[in-house]
Amino acid sequence: MQSFAYAAPETVEQVIAVLQEHSQAGKPAQILAGGTDLLVQIRSVDGSARTIVDVKKLPETNRLEIGASEIYVGAAIPGAVLTANTDLKARLPGLVEAIDLIGSTQIQGRASLGGNLCNASPAGDTIPALIANAGRCQIAGPAGTRELPVEEFVTGVGTNALGEGELLLGICFTPPAARTSDAYLRFIPRTEMDIAVAGAGVSVTLDEKGICTAARVSICAVAPTVLLVPAAADALIGTSLDDEALAAAGAACTAASSPISDKRGTAEYRRKVVAVLCKRAAGIAAERARGSH
Amino acid sequence: MSEALDTREYKVIGSRVVRPDGIDKVTGRAAFGADLNLPGMLLGVVLRSPHAHARIKSIDTSKAQAMDGVYAVITGADFPNASETEDPALSANVMAREKVLYHGHAVAAVAATSMAIANAAAAAIEVDYEPLKPVLSLDEAMADGATIIDEQLRTAGADEASDTPTNVAQFMRLDRGDVEQGFAEADVIVEGEFATPTVHQGYIEPHACVATINEGGQANVWCSTQGHFDVRSLAAKVLKINVADLRVTASEIGGGFGGKTTIYLEPVAIVMSGKARRPVKMTMTREEVFRASGPASATKSRIKIGAKSDGTLTAMQAWIGYEAGAFPGGPLAPGLMCVFAPYNAPNFLIEGVDVLVNKPKVAAYRAPGAPQAMYAGECMMDELARKLKIDPIDLRILNAVEEGSTATYGPKFKAIGFKACLEAAKAHPNYTRQLAEGEGRGIAAGFWFNAGMQSSAEVHVNENGTVTVIEGNPDIGGSRASMALMAAEELGIPYEQIRVIVADTESAGYTNVTGGSRVTFATGMAVIQASRDIITQLKERAAATWGIEEELVEWEDGHAVPKPGVNADVQPLSLADIAGNAGRTGGPILGRASLNARGAGPGFSVNLADVKIDRETGKVDVTRFTAIQDAGKAIHPSYVEGQMQGGAAQGIGWALNEEYIYDADGVMENAGFLDYRVPVASDLPMIDTQIIEIPNPTHPYGVRGVGETPIVAPLAAVANAVRDATGIRISELPLSPPRVLEALDAAEE
């Protein structure tokens, strides 16, 4: 057995203090939310002592607010709570379907949105959906609270923008405007228990005539970090989201990709499939936007 | 021995009773390989090779030995010389000696008071390797100038003996007639080349054992195995110890599929227990299971079939190469014997090779060798049907073997169910169901010999008339229930009055593995005979009680009764009556039987697969699957259906996504269930089953083995369905999305 210290502060200030204290002493401290990534990672590292800082006891990481001017999702809320929230599902269906892809039913009882983001996997399923919805990270730290767009939060494979003593409290969204909706699709060779070979999150806004006036497209597992693809959005904006526009957006995703070949898929395959996913996700988002008022 | 078929009407067998081990298994109480803990027990780990092929120059264990909490550190030097044992390859696979032959090959082992200490000690062992070029495929291994894995190896069975070192361990040929003449007579000829990857059985329970050796040198081993008598004999060979000094108890087993018919950890744990003078537990991680247990052979094959325009076969030719892994012994012979076994071909030539590569030594996997061979053969039968424009089932019916046909592998078939399966497939609603857009349908046949081999059984009558059956086959597929059903049928008592015990090597008579689809057939036959032994004794006891001649007593519905017409004023005696009185009629009643079962009836199957292809991603979904199989007589139909569904699930996984992915250095890149993709429940449709019962004439109830045949046909059934849906023959497994998409795109260009 490995031994490690465990702290579960009840205030943000205390969390920051524990994190700072460890980092200044040169000892590792790791933040625990649901733990579904962390506990697996702990097993595969050396047995040296470490401190686990549980952020599940903070009100700020557990708050879920779906307001008229802002949607706030606490970083440590389990996926199962979010997927069961019909209001959230109505507002951000693509984000909720991305959350629902992470882990089995049992895992979703613990796995959190914030954890999936902080883990910063190139294949993290919620990240494209967060980026497509222009999510903003609420980060607390020694210097106070700051806000950062999700697309700037992930800095590399497994690394994020959290500095010394910082933690992610939650994600904010501007509630979707009328005729706005989103979708997320990933490709896996199976139906469950797998990691995205490629993924695409798309949000679109339509005008009353069904012309796309705004769009965000984000893709995963085709580059070291999840990408925002403005060229794909540009291919959608100003169109009626017809097949030609969707295909052009897909092609833009292929062009933006710089995938590797590995055990989960070849680079060539990922470039092809990310276009298919973008096209299909945009189609679903458009359908949803047409149905929303 | 074999038995004449008994044609009476059955009362108990064929019913769907609850298996006695079931509740403990689903509630988590059953004790598996890793669940035994003994006082003072140490935990052992294996240090494994980081190279696929290297010479071991030196091993320094001194730092590991010196660590607190470390009780034993061993290397190959702690084992008898491999070359002086009865099975040098097994010995060298259990622990490497001069060379490591695959990534993950055991090099040393440590037993310590905790896993953390054992792992730290293993990491402190210094091994100096001289890396050698790894040989990673059949083509590489057989190429001119190939790196030689074993300088001593010469090809067994070669037409001309050669003294040149080679990686080809064996050559084999089966032939009849004149295949060239047969092709000359053909109106139509189809030819194709196929490849299948290394795959793993994927049993859920990793290998695990606890070994303890006493001061007198007698060892006890508790382990997860398909055959504890085999663990005993194999471990005794590796360690050069007397089998009488080794007692093996089989734990409950979480799957084996052939992969637990050999040994890996047991001799290591025994040696460390001897050194440490403490019990030692060893458990493989999932990663170790993938890297260092025995997967199934990758293969390459070439098939050529000729037929007259009416579909009558004139010639069949096959060449199949099996990767053996690091030591000889891939399933070459059974593969070659199966490939065309369902068909009457006047002329055939079947050849193949068993080839060393720097991968783990393969082990048995459900119908070893047959899925790979029949994947290729049945794909070509499909192509032949297409070329002839004949229904693929009709083509097979036209050429099917039947009672009296001479099998490609020699013997004449007795009653078999191949045509019955084909006719059932043709009549099945799933064969004519309308396909949706983008769907395709494939059919394929499966064949497996089934085994008999040695079994023992004892039946003890308890004082209240309940019965205990003692046998020696670890229960994987519900065999306790099947044994109890057969004893109940014979004795005429309810199933619930019977308990079945899987006893250890010192408590049960010698019994071969739970493998070869043999348990219900062979051990079942022993249970039937032991029950009949009991009935003879029960009749004697009744005769003695009544004071009449034994010949005048019959056993009927669980009671001794006088034969019709016998003038005796007596009441029938139940089993409980006789058991309760046994002390006064000669003492306890116990029956036994031991046998070497012959005449295992071959199993045939036909599978129908419907698939849907996503044209843009290359993903294949199996939308409908139908397994039809001859069981001879289904003792417990649910467990027969379970075998058929389980085999289909594994075969579909083999067809669609399962494969060992190696890097250029021979390191497996996907050694975990995340990236070694067995199908999950939601990947599969409900697998429809239809049991055909053409009795095996050499078993009293007509039983045939059913465990292995189910995995043979699905590979080709799925591949033929993909061919049907896409119009393209992709001749390499798995039919993973990237491979299918590449083929679809290439066909469009």
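Every chain is numbered from 1 and lettered A, B, ... according to where its sequence line falls, protein lines coming before strand lines.
B:Arg677 contributes no side-chain N or O that, together with a main-chain N or O of A:Met193, makes up a donor-acceptor pair within less than 3.5 Å. For A:Lys263 (side chain) and B:Asn670 (main-chain N/O), no donor-acceptor pair under 3.5 Å exists by modelled atom type. Between the side chain of B:Asp683 and the backbone N or O of A:Arg190 there is no donor-acceptor pair closer than 3.5 Å. Looking only at distances, no side-chain donor or acceptor of A:Tyr269 sits under 3.5 Å from a matching main-chain atom of B:Glu742.
B:Arg615 is not listed as a side-chain neighbour of A:Val276, based on a closest heavy-atom distance of 4.5 Å or more. Looking at B:Glu669 and A:Asp262, their side chains never come closer than 4.5 Å, going by heavy atoms from C-beta outward.
For chain A, the nearby part of B:Ile661 is the side chain; its heavy atoms alone come within less than 4.5 Å. For a residue to count as touching a neighbouring chain, one of its non-hydrogen atoms must lie under 4.5 Å from one of that chain's; by this rule B:Asn119 does not touch chain A. B:Tyr676 touches chain A through its backbone: at least one of N, CA, C or O sits under 4.5 Å from a heavy atom, while the side chain does not. With a threshold of 4.5 angstrom between heavy atoms, B:Val678 approaches chain A through its backbone and through its side chain. When heavy atoms are compared at a cutoff of 4.5 Å, B:Ser682 approaches chain A by way of both its backbone and its side chain.
If you take OG1 on A:Thr191 and CG on B:Asp621, they are separated by 8.0 Å, rounding to the nearest 0.5 Å. Distance CD1/A:Ile195 to CG/B:Leu674: 4.0 Å, rounded to 0.5 Å. Residue A:Lys272 holds its NZ atom at 11.5 Å from CD of B:Glu616, rounded to the nearest 0.5 Å.
The number of heavy-atom neighbours closer than 6.0 Å to CG of B:Asn37, taken from other residues, nucleotides and ligands shown, is above 12. Open room surrounds CD on A:Glu244; 12 or fewer heavy atoms of other groups in view lie less than 6.0 Å from it. In this structure, B:Tyr71 places its OH atom where only 12 or fewer heavy-atom neighbours from other residues, nucleotides or ligands lie under 6.0 Å away. For A:Arg110, the CZ atom sits in a loose shell: 12 or fewer heavy atoms of surrounding residues, nucleotides or ligands are nearer than 6.0 Å. When the shell of 6.0 Å around NZ of B:Lys25 is examined, it contains more than 12 heavy atoms from other residues, nucleotides or ligands.
Of all the listed residues (B:Ile117, B:Leu656, B:Leu741, B:Val620), the one sharing the greatest number of non-hydrogen pairs under 4.5 Å with chain A is B:Leu741.
Nearest heavy-atom pair across A:Val273 and B:Thr617 is CG2-CA, 4.4 Å.
By the 4.0 Å N-to-carboxylate-O rule, A:Arg280 lies close enough to B:Asp614 to be salt-bridged with it.
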